[in-house]
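What follows is a set of notes on a single structure, which appears directly below.
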Number of protein chains: 2
Amino acid sequence: MRARQSGPDRQRHGGDAHPPERLLLDDPMAALPPTARHLLAAARRLLIRDGYGALTFAAIAAEADEAKGSIGYHFGNKDGLMAALVDSLVHDANRALIRESEAQPTAAAKVHVLMDGESRIVADAESFQAFFEILPHALRDPALRRRVATLYDGYRETVSRCVDDTGATRARRLRPFGMLMIAIVDGLAIQHGLDPDGADVAGAIRLWEQLARPLLTELAVAP
Amino acid sequence: MRARQSGPDRQRHGGDAHPPERLLLDDPMAALPPTARHLLAAARRLLIRDGYGALTFAAIAAEADEAKGSIGYHFGNKDGLMAALVDSLVHDANRALIRESEAQPTAAAKVHVLMDGESRIVADAESFQAFFEILPHALRDPALRRRVATLYDGYRETVSRCVDDTGATRARRLRPFGMLMIAIVDGLAIQHGLDPDGADVAGAIRLWEQLARPLLTELAVAP
DNA sequence: GTCTATATTGGGATAGAC
DNA sequence: GTCTATCCCAATATAGAC
């Protein structure tokens with residue numbers, strides 16, 4: 001059951017190849033050899049296109065134009081491959097959200113762009129497809145769960161800073177708002193995925209922006 | 001690939017054994033023979049306890065103390081089993097929500113109970129575990145997706161009626177509110193599952209109730 | 001480091017007895 | 001209508017050549 005100890009995958013099995021604290025900073029793909037990068041990229045494409053069930057060694061190797069055995073060599077076993085895959089998904093998703101939200105100059109503009117951007121994120125079914133594929137596995141596997149939990153902590157932090165970046169004290173009080181914002185994006189993505197025509201995502205986002213406005217203006221006029 | 005035609009599973013493959021319109025009314029389990037019911041109940045337990053990957057014929061048969069071959073006889077193949085499983089999950093989840101929300105007499109009390117009940121639903125990781133297990137499959141398989149989409153339509157309808165049951169006209173304007181309510185429950189369940197200690201679900205629900213209050217009181221004072 | 005070939009396992013489907 | 005036994009196949013892991 002245990003993977004052999006000779007390959008470069010040794011370091012992965014300690015669980016500290018990418019400690020959660022650094023997930024938001026480093027690109028986990030950059031340090032990998034070319035073959036491993038190709039394999040990971042192919043796995044991501046397959047996960048998005050055909051789901052978790054399509055993530056077989058043979059399919060990944062074919063999609064990457066690499067040898068099947070290389071997967072075992074670089075990632076040890078399927079668990080190691082999944083951990084690396086989640087790392088790469090976490091990194092990309094987080095960078096996209098940070099870039100999206102921090103582009104605007106003023107706090108008010110940031111919030112509006114955030115709201116508007118989220119509705120586009122919801123409509124982008126592709127990234128959520130991949131996320132919902134790995135979610136059940138992340139909820140079960142402690143190692144994966146820590147990785148994804150760190151991603152979500154970064155999400156909430158980003159939303160909080162987006163609404164009010166004056167200080168850590170008040171920003172921490174905004175964590176419930178960040179939780180709601182993220183929850184609404186995820187939850188609306190579910191409804192959109194289940195019923196693209198019947199679920200009026202834009203209308204729901206409009207209502208949310210309207211309901212949240214008092215809180216945001218209150219923060220704007222506060223010292 | 002096609003299942004044989006002799007068993008009682010024939011009717012299932014037309015996709016109209018349980019048309020979506022009736023999912024909220026009938027109990028799909030009631031009409032099944034005892035062996036099929038045992039198998040379905042065992043599959044539900046396995047799905048909640050060990051995830052989708054554990055849903056093998058051998059495991060289900062062992063958990064149900066029935067024969068492996070009976071699965072093929074009653075449900076045709078794995079797709080038929082999944083459809084029946086989703087039907088049973090849909091029915092139970094919906095009935096629980098309806099009962100939860102319609103127990104209170106006045107509209108105001110209903111809303112408060114709804115908010116309060118939702119936070120308990122979020123904390124009940126078990127049912128959401130099963131839901132997140134089947135979600136990726138439901139998003140891919142059209143037949144399953146229709147079933148789950150119908151469930152969500154019922155959810156939104158229930159929330160709308162809970163907030164304001166005076167008439168269909170105003171209730172339809174409340175659909176965005178129902179969407180947000182459901183989305184928040186789902187999204188907070190994700191955050192709770194990923195990080196039970198770090199995610200303050202109760203705090204987020206409190207903030208949501210506070211933000212939603214203006215809309216609810218506006219409805220209360222309207223004619 | 002990379003690939004080919006293979007061993008081993010386990011799941012899904014089905015024939016046929018009862 | 002239910003069960004037992006079996007077949008076929010696909011998937012992972014690994015040994016060993018290059």
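All values derive from a computational prediction rather than experimental measurement. Each chain gets a letter, A, B and so on, in the order its sequence line appears, and its residues count up from 1.
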Rounded off to whole Å, could you give me the [atom1]-to-[atom2] distance for the [X] and [N] pair?
X: A/K68; N: D/dA10; atom1: NZ; atom2: P; result: 11 Å
X: B/F57; N: D/dC8; atom1: CZ; atom2: P; result: 19 Å
X: A/L39; N: C/dG1; atom1: CG; atom2: C1'; result: 13 Å
X: A/F75; N: D/dA11; atom1: CZ; atom2: P; result: 19 Å
X: B/I71; N: D/dG1; atom1: CD1; atom2: C1'; result: 15 Å
X: B/E66; N: D/dT4; atom1: CD; atom2: P; result: 11 Å
X: A/L55; N: D/dA11; atom1: CG; atom2: C1'; result: 13 Å
X: B/K78; N: C/dG11; atom1: NZ; atom2: C1'; result: 8 Å

Residue pairs fulfilling ring pair (Phe, Tyr, Trp, His ring centres under 6.0 Å) with at least one residue in residues 27-47 of chain A, sequence neighbours excluded: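 Matches after skipping sequence neighbours: none remain.
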N/O donor-acceptor pair under 3.5 Å between [X] side chain and [Y] backbone:
X: A/N77; Y: A/G80; value: yes
X: B/R37; Y: B/L32; value: yes
X: B/E133; Y: B/G51; value: no

A/A67 side chain: which of C/dC3, D/dA13, D/dT2 is closest?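 Of the candidates, C/dC3 comes closest.
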Tell me whether the OP1 or OP2 atom of C/dT2 has a side-chain N or O from A/S70 closer than 4.0 Å.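 No, A/S70 has no side-chain N/O under 4.0 Å of OP1/OP2 on C/dT2.
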Output yes when at least one side-chain N/O atom of B/H74 is less than 4.0 Å from OP1 or OP2 of D/dT2, else no.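 Affirmative; the distance criterion is met.
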Got a second to check how far A/M179's CE is from B/L188's CG, nearest 0.5 Å?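 Answer for the CE-CG pair, A/M179 versus B/L188, is 5.0 Å.
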Using rotation axes that map the C1' atoms of four end pairs onto the next four (five pairs an end), what angle separates the end axes of the helix from C/dG1-D/dC18 to C/dC18-D/dG1, to 10°?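 It comes to 0° between the two terminal axes.
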Going by an N to O cut-off under 4.0 Å, is there a salt bridge joining B/D153 and B/R146?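 No salt bridge links B/D153 with B/R146.
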Over 60° means perpendicular and under 30° means parallel, so classify the ring planes of B/W208 and A/W208, tilted if in between.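 If you compare the ring of A/W208 with that of B/W208, the planes turn out tilted.
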Across the strands shown, which category fits A/I60 at heavy-atom distances under 4.0 angstrom: base, sugar-phosphate, nothing?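 Here A/I60 touches no strand at all.
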